[in-house]
Each structure stands twice: as C-alpha cells, then as structure tokens.
Amino acid sequence: MTTLITGATGNVSGALLRALPGTDDVRVLVRDPARAPAGVEVAVGDLDRPQTLREAFKGVDVLWLLTAMGPQAPHASMNAVWAARQAGVRHIVRMSAIGAAHDAPTRNGRLHALSDAELAASGLGWTIIRPAFFMQNLFGSVSGDTLYGPTGEGRIGFIDVRDIAEFAAEVLSDPAVHHGRTYTITGPESISLREAAARLTRVHGTPIGYEPVSPEAAHQAMLTAGLPEWQAEVNVEYAQAYASGWGDYTTPDFAQVVGHQARTFEDFAADHAEWLRS
C-alpha cells in the first residue's frame with residue numbers, strides 16, 4: 001500500500017513521517033526536491049497546479065491531505081481530490097480544522113467545511129481529522145517572564161502536534177476502518193493561557209505570568225513578525241472565538257482510536273524546556 005504525504009516540509013506532516021512505523025511504502029509530495037525529507041520516495045508537484053499531480057499520484061493507494069492555511073486552500077484540496085480520483089486512490093485522510101463548519105466563526109473554518117463536504121461527496125474512502133489549537137503554536141509567545149496571548153481567559157483543549165501525528169499514523173495504518181468518520185482531537189483537558197503560564201511555572205520552577213493582548217495588538221505583532229495579512233486576520237478571528245469560550249471542550253476521540261490519552265500541557269512543557277530559554 002503506497003501512501004502519499006502532502007505538506008511534507010511542514011510541522012504536522014514532518015511529525016507524521018516520524019510517527020509512521022516505516023517509510024518503505026511512503027511517498028512525499030514537495031514543490032522543491034531540495035527540501036524533501038530524507039529516506040522516502042519523492043514526488044515533485046504543487047497542489048495549486050493540477051497539471052503537476054498526475055505522475056505524483058500514480059500508484060498511490062492512500063493520501064494524507066494537508067493544505068496550507070489561506071484563501072486558496074479549497075482550490076488546493078479540490079485539485080488533490082480530483083487527482084486522487086483520476087489515479088485510483090482508494091482513501092483520503094484529510095486534516096481539516098477545529099470546529100470546521102459553514103457557520104464557523106473563522107474564515108478558515110468555513111473554507112475547511114467546503115473541502116470536507118467535497119471530500120465526503122467524492123465517492124472515495126475518506127476520513128477527516130480536526131485537531132484543536134496546537135501547543136506548538138505558543139512557541140514565541142513567552143518573552144522574559146511573561147506569556148502573551150490574545151485569547152483572554154478562554155479555555156482551549158490544546159493538543160501537541162506529536163499527538164496529531166500519532167493519531168494520523170494510526171488512521172493511515174488501516175484507513176478503511178475509519179471510513180466516513182470525522183474526528184475532533186483535543187488534549188485531555190481544556191485550559192486558559194493563564195493556566196498554561198501557571199503550568200510552565202510549575203514545570204520549570206521559573207515564575208511565568210500571563211498578559212492578555214488586545215486583538216489589535218496581536219494583529220500588529222503578527223504582521224511585524226512577517227505573517228501574511230490574511231493569516232494574521234484569521235488568527236485574530238480564532239483568538240476572539242477562543243476568548244468567547246468557543247474552544248472550551250475536550251473529546252474522547254484521540255484515546256478511543258490510539259488507546260491512550262494525549263499529552264498534557266505539562267508533558268509538552270517538560271519536553272520543550274528550551275522554549276523558555278530561547
């Protein structure tokens with residue numbers, strides 16, 4: 001069974017490649033072969049350019065579909081689904097977004113809902129994974145002895161990227177078992193950034209405070225850091241939704257599929273001590 005991994009140079013798919021039991025039957029899709037991970041078959045193609053996908057998808061049985069966040073994401077997902085149908089791919093495992101729905105409070109969630117619906121209607125085997133806010137997205141949010149964030153006192157079911165990868169690897173090992181399923185995966189608890197700062201203090205013995213940031217200040221900070229305007233605006237939409245309590249829940253999906261609970265925020269903090277030292 002040949003599995004094609006998209007987004008192979010990114011954090012989630014990179015972690016997925018490490019989580020897979022082996023890569024003998026794994027192919028990665030990359031735009032730039034010089035950036036391809038080592039030890040796997042490489043196919044050069046671009047989800048935004050459908051004419052580049054025919055050879056890349058040839059002989060593929062299962063597709064891990066991850067598209068970059070942006071207004072073009074449905075176009076990329078559409079091209080991948082079409083190429084998969086033409087190539088005879090049997091099953092697509094698609095990484096969607098937490099709370100994806102036609103009435104989601106973010107443009108990203110509404111766009112993902114379109115692609116989720118398209119995949120479900122494609123006639124292919126399909127599984128959709130909707131992960132919560134990544135713990136790793138907090139890298140860079142600590143400055144000195146303060147954790148800054150625009151989510152107010154909202155509680156969130158943060159999940160570690162490594163757990164997303166482990167979950168995806170489990171689904172990819174026998175995708176037919178998961179046909180027609182949409183999973184929302186979270187960590188084992190829902191906490192606020194203020195609580196996250198307290199956990200960092202406890203794990204590292206270094207006092208860390210929490211400073212809420214206004215949506216306007218967060219938007220400007222993201223632009224200053226080089227984030228594109230669209231992504232900065234959508235991240236603010238997510239922050240405002242989380243501040244309202246939109247993300248205050250956990251699900252049993254991770255443990256039910258993988259067989260153990262996902263990492264806690266303390267686990268994440270203990271494994272990334274360099275975060276506070278950087």
Side-chain angles (χ1 to χ4, degrees), residues 1-97 111-112 115-116 118-119 122 124-131 134 136-137 139 160-176 178-179 185 226-228 231:
M1 183 174 74
T2 298
T3 300
L4 178 64
I5 304 295
T6 64
T9 59
N11 292 332
V12 175
S13 292
L16 171 58
L17 287 169
R18 294 187 291 273
L20 291 170
T23 56
D24 288 345
D25 297 317
V26 173
R27 183 185 305 169
V28 298
L29 181 72
V30 295
R31 290 190 298 269
D32 180 0
R35 298 185 60 206
V40 292
E41 180 186 354
V42 175
V44 178
D46 185 343
L47 293 182
D48 285 325
R49 300 175 62 218
Q51 68 272 21
T52 69
L53 302 180
R54 182 175 179 179
E55 287 299 315
F57 279 62
K58 185 178 293 184
V60 170
D61 301 292
V62 179
L63 172 65
W64 164 252
L65 179 54
L66 186 158
T67 56
M69 189 174 86
Q72 285 289 100
H75 177 252
S77 184
M78 173 187 70
N79 292 335
V81 171
W82 183 254
R85 290 180 64 184
Q86 300 307 301
V89 172
R90 299 201 307 266
H91 198 107
I92 296 178
V93 181
R94 181 177 193 280
M95 194 174 101
S96 181
L111 290 174
H112 272 291
S115 295
D116 291 350
E118 179 182 46
L119 176 57
S122 69
L124 302 174
W126 62 272
T127 308
I128 293 168
I129 301 174
R130 295 173 175 166
F134 304 173
Q136 280 80 356
N137 282 351
F139 288 155
D160 194 302
V161 165
R162 294 170 295 178
D163 289 320
I164 301 171
E166 183 180 1
F167 187 92
E170 180 66 28
V171 172
L172 288 168
S173 70
D174 192 2
H178 305 278
H179 169 63
I185 55 173
L227 210 63
Q231 290 188 23

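Positions are given from 1, in the same order as the sequence printed here.
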Notebook entry, point to check: Hey, are the side chains of Met1 and Asp25 touching, using non-hydrogen atoms and a 4.5 Å cut-off?
Noted result: no
Next item on the list: Could you tell me which residues satisfy salt bridge (Lys or Arg N to Asp or Glu O under 4.0 Å) with Glu55, sequence neighbours excluded, listed by chain and number?
Entry: Lys58
Please tabulate, for the side chains in residues 5-17, all donor-acceptor contacts under 3.5 angstrom to protein atoms that are two or more places apart in sequence or on a different chain.
residue	atom	partner	partner atom	Å
Thr6	OG1	Trp64	O	2.8
Thr6	OG1	Leu66	N	2.8
Thr6	OG1	Leu66	O	3.4
Ser13	OG	Thr6	O	2.7
Ser13	OG	Gly7	O	3.3
Ser13	OG	Trp64	NE1	2.9

Listed pairs under 3.5 Å, donor-acceptor, residues 69-78 side chains, sequence neighbours left out:
residue	atom	partner	partner atom	Å
His75	NE2	Asn79	ND2	3.4
Ser77	OG	Arg94	NE	3.3

Note to self: Would you say that Leu53 contacts Leu29 through its side chain, given a criterion of any heavy-atom pair below 4.5 Å between the two side chains?
What the structure shows: yes
Check: Residues in ring pair (Phe, Tyr, Trp, His ring centres under 6.0 Å) with His178, at least two apart?
Finding: Tyr183
Next item on the list: Nearest 0.5 Å please: distance from the CG atom of Leu119 over to the CH2 atom of Trp126.
Entry: 7.0 Å
Next item on the list: Applying side chain to side chain donor-acceptor pair (under 3.5 Å), name anything that partners Thr3, two or more places apart in sequence or on another chain.
Entry: none
I'd like a table of donor-acceptor pairs (distance under 3.5 Å, sequence neighbours excluded) in which one partner is a side-chain atom from residues 35-45, with atom names and distances.
residue	atom	partner	partner atom	Å
Glu41	OE2	Arg27	NE	3.1

Notebook entry, point to check: Which residues pass the salt bridge (Lys or Arg N to Asp or Glu O under 4.0 Å) test with Asp160, sequence neighbours left out?
Noted result: Arg162
Notebook entry, point to check: Regarding Asp116 and Ser96, is there a side-chain donor-to-acceptor distance under 3.5 Å anywhere?
Noted result: yes
Note to self: Restricting to non-hydrogen atoms, name the atom on His179 and the atom on Gly125 that form the minimum distance, rounded to 0.1 Å.
What the structure shows: ND1-CA, 3.4 Å
Check: How close do Thr2 and Gly59 get, heavy atom to heavy atom, and via which atoms?
Finding: CB-O, 3.5 Å
Check: Going by the salt bridge (Lys or Arg N to Asp or Glu O under 4.0 Å) test, which pairs reach into residues 74-86, not counting sequence neighbours?
Finding: none
Notebook entry, point to check: Without hydrogens or angle criteria, can the side chains of Thr127 and His91 be said to hold a donor-acceptor pair below 3.5 Å?
Noted result: yes
Margin query: Show me the pairs that pass side chain to side chain donor-acceptor pair (under 3.5 Å) and involve residues 163-175, at least two apart or across chains.
Written below: Asp163-Arg263, Glu166-His260
Margin query: List the residues meeting side chain to side chain contact (heavy atoms under 4.5 Å, CB included) with Ala80, not counting sequence neighbours, and say none if there are none.
Written below: Leu47, Phe57, Leu63, Leu65
Checklist line | Residues which pass side chain to side chain contact (heavy atoms under 4.5 Å, CB included) with Asp46, listed by chain and number, not counting sequence neighbours | finding: Arg31, Asp48, Arg49, Thr52
Notebook entry, point to check: Does the side chain of Leu4 come within less than 4.5 Å of Val62's, by heavy atoms?
Noted result: no
Notebook entry, point to check: When rounded to the nearest 0.5 angstrom, what is the spacing between OG1 in Thr67 and CG in Leu111?
Noted result: 9.5 Å
Next item on the list: Locate the shortest heavy-atom distance separating Ile129 from Ala168; write the atom from each residue and the value.
Entry: CD1-CA, 4.1 Å
Next item on the list: List in chain and number order the residues that pass salt bridge (Lys or Arg N to Asp or Glu O under 4.0 Å) with Arg90, two or more places apart in sequence or in another chain; answer none if no residue qualifies.
Entry: Asp61
